[in-house]
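Shown next, in structure tokens, is the structure this report addresses.
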Amino acid sequence: MSRPMPRLFLIRHELTWEPGETEWTINGRHTGRSDIPLTENGVKIIENNRHRIVGPDKLVQVPNICHVLVSPRQRAQKTFFTLFEGQELPSYETTEAVREWDYGDYDGLKINEIKAKNPNWVIWTDGCPNGESVEDITKRIDETIDKVREYHRQYKEEGIGKRDMMIVAHGHFLRAFISRWVGFPLCLGTHFNVEPASIAMLTYQHNNLAEPSLTALNLFAFSD
């Protein structure tokens with residue numbers, strides 16, 4: 001039996017002034033392990049736009065979702081539950097595997113404050129002191145990709161489970177994830193602009209699980 005290619009939806013929670021905005025992202029601070037809530041405006045905009053994303057005739061259809069990985073930070077949790085409010089929740093797990101890059105000593109700081117400490121700092125090559133190195137987050141992302149691809153393999157080859165998976169996470173993590181998904185070095189994630197509260201879709205080319213691809217980026221970027 002021929003089955004459609006499985007898909008992975010990536011949803012970035014955080015914004016500067018639209019859905020997913022937090023008090024810290026408004027101010028441009030790096031929010032990694034800090035557990036900052038969404039602002040009331042961020043929640044409101046998700047509520048006003050979820051009908052565009054989730055539903056029987058929409059891109060995201062609950063009956064097609066096999067499993068969702070959600071960051072434990074409350075800003076991602078709130079995004080997930082608000083997005084699916086009024087729908088039957090798909091199977092999901094809260095996991096540190098999809099948390100934001102651990103900024104270590106730079107957590108809570110603005111970029112100019114970080115540059116004052118380390119003028120030449122670039123997260124994509126330097127990582128974060130007392131946080132995650134580039135090697136650390138590469139390993140974490142690659143392990144997550146392996147998990148997703150096993151779900152996809154079981155569906156495509158054996159008919160086990162459902163077509164789609166989803167990750168609800170954070171900006172730097174998702175940019176790095178896309179880079180690793182297509183086999184690029186993590187540092188090339190700097191070239192993927194993942195808009196706040198948008199959806200990216202990762203799948204495969206030529207009906208071949210050995211050819212992972214970025215199929216869509218910045219779908220349905222929320223607006224008020």
No-hydrogen, no-angle side-chain donor-acceptor test under 3.5 Å, Gln77 and Thr94: yes
Tyr106 side chain reached by Asn118 side chain, heavy atoms, under 4.5 Å: yes
Check Asp136 against Gly131 and note the closest heavy-atom contact, atom names and distance. OD2-O, 4.0 Å
Closest approach of Leu186 to Arg180 (non-hydrogen atoms, all atoms of both residues): N-CD, 3.8 Å
Taking 4.0 angstrom as the limit, do Arg3 and Glu157 come out as a salt bridge? no
CA sep, side-chain torsions, deciding dist, call: His170, Trp101, ring pair (Phe, Tyr, Trp, His ring centres under 6.0 Å): CA-CA 8 Å; His170 313 270; Trp101 198 319; over 10 Å; no
Please check if Met166 and Ile160 belong to a single hydrophobic cluster, counting links between Ile, Leu, Val, Met, Phe, Trp and Tyr side chain heavy atoms closer than 4.5 Å. no
Phe81 vs Leu89 side-chain heavy atoms within contact, under 4.5 Å: yes
Steps toward side chain to side chain contact (heavy atoms under 4.5 Å, CB included) verdict (Asn193, Leu217): CA-CA 8 Å; Asn193 180 36; Leu217 186 62; 5.6 Å; no
Tell me whether the count of non-hydrogen atoms from other residues, nucleotides or ligands lying under 6.0 Å of NZ in Lys117 goes above 12. no
Check Arg73 with Glu100, please: is the shortest side-chain N to carboxylate O separation under 4.0 Å? no
May I ask you to test the Trp124-Arg175 pair for a side-chain heavy-atom distance under 4.5 Å? yes
Just wondering, do Arg140 and Phe173 contact through their side chains at under 4.5 Å, heavy atoms? yes
Would you say the side-chain atoms of Asp107 pair up with the backbone N or O of Tyr103, donor to acceptor, closer than 3.5 Å? no
Considering non-hydrogen atoms only, spot the tightest contact between Arg50 and Thr82 and give its length. NH1-O, 2.9 Å
For His67 and Tyr92, I'd like to know if the aromatic rings sit close, meaning centre-to-centre distance below 6.0 Å. no
Between the CG atom in Asp102 and the SG atom in Cys128, the distance rounded to the nearest 0.5 Å is 7.5 Å
Salt bridge between Lys139 and Glu135, side-chain N to carboxylate O under 4.0 Å? no
Is a salt bridge present between Arg153 and Glu158, judged by a nitrogen-to-oxygen distance below 4.0 Å? yes
Expected output: side-chain Asn218 to main-chain Glu195 donor-acceptor under 3.5 Å: yes
Please give me the minimum heavy-atom distance between Phe84 and Pro90, naming the atom from each residue. CD2-CD, 3.8 Å
Checking ring pair (Phe, Tyr, Trp, His ring centres under 6.0 Å) for the pair Phe184/His191: CA distance, chi angles, key distance, verdict? CA-CA 11 Å; Phe184 292 169; His191 299 293; 9.4 Å; no
Is it the case that the side chain of Arg163 and the backbone of Met5 share a donor-acceptor pair, with hydrogens and angles ignored and the cut-off at 3.5 Å? yes
Is Glu150 paired with Lys147 through a side-chain N to carboxylate O contact shorter than 4.0 Å? no
Do Asn207 and Lys156 meet the criterion of a side-chain donor-acceptor pair at a distance under 3.5 Å? yes
Quick one: list whatever passes ring pair (Phe, Tyr, Trp, His ring centres under 6.0 Å) with Tyr204, sequence neighbours left out. His152, Trp181
hydrophobic_cluster_shared for Val134 and Val182, side chain cutoff 4.5 Å: yes
Any link between Leu59 and Tyr155 through a network of hydrophobic side chains (Ile, Leu, Val, Met, Phe, Trp, Tyr) touching at under 4.5 Å? no
Is there a side-chain contact between Ile53 and Lys58 in this structure, where contact means two heavy atoms from C-beta onward sitting under 4.5 Å apart? no
State whether the side chain of Ser198 and the backbone N or O of Phe220 hold a donor-acceptor pair below 3.5 Å, judged by distance alone. no
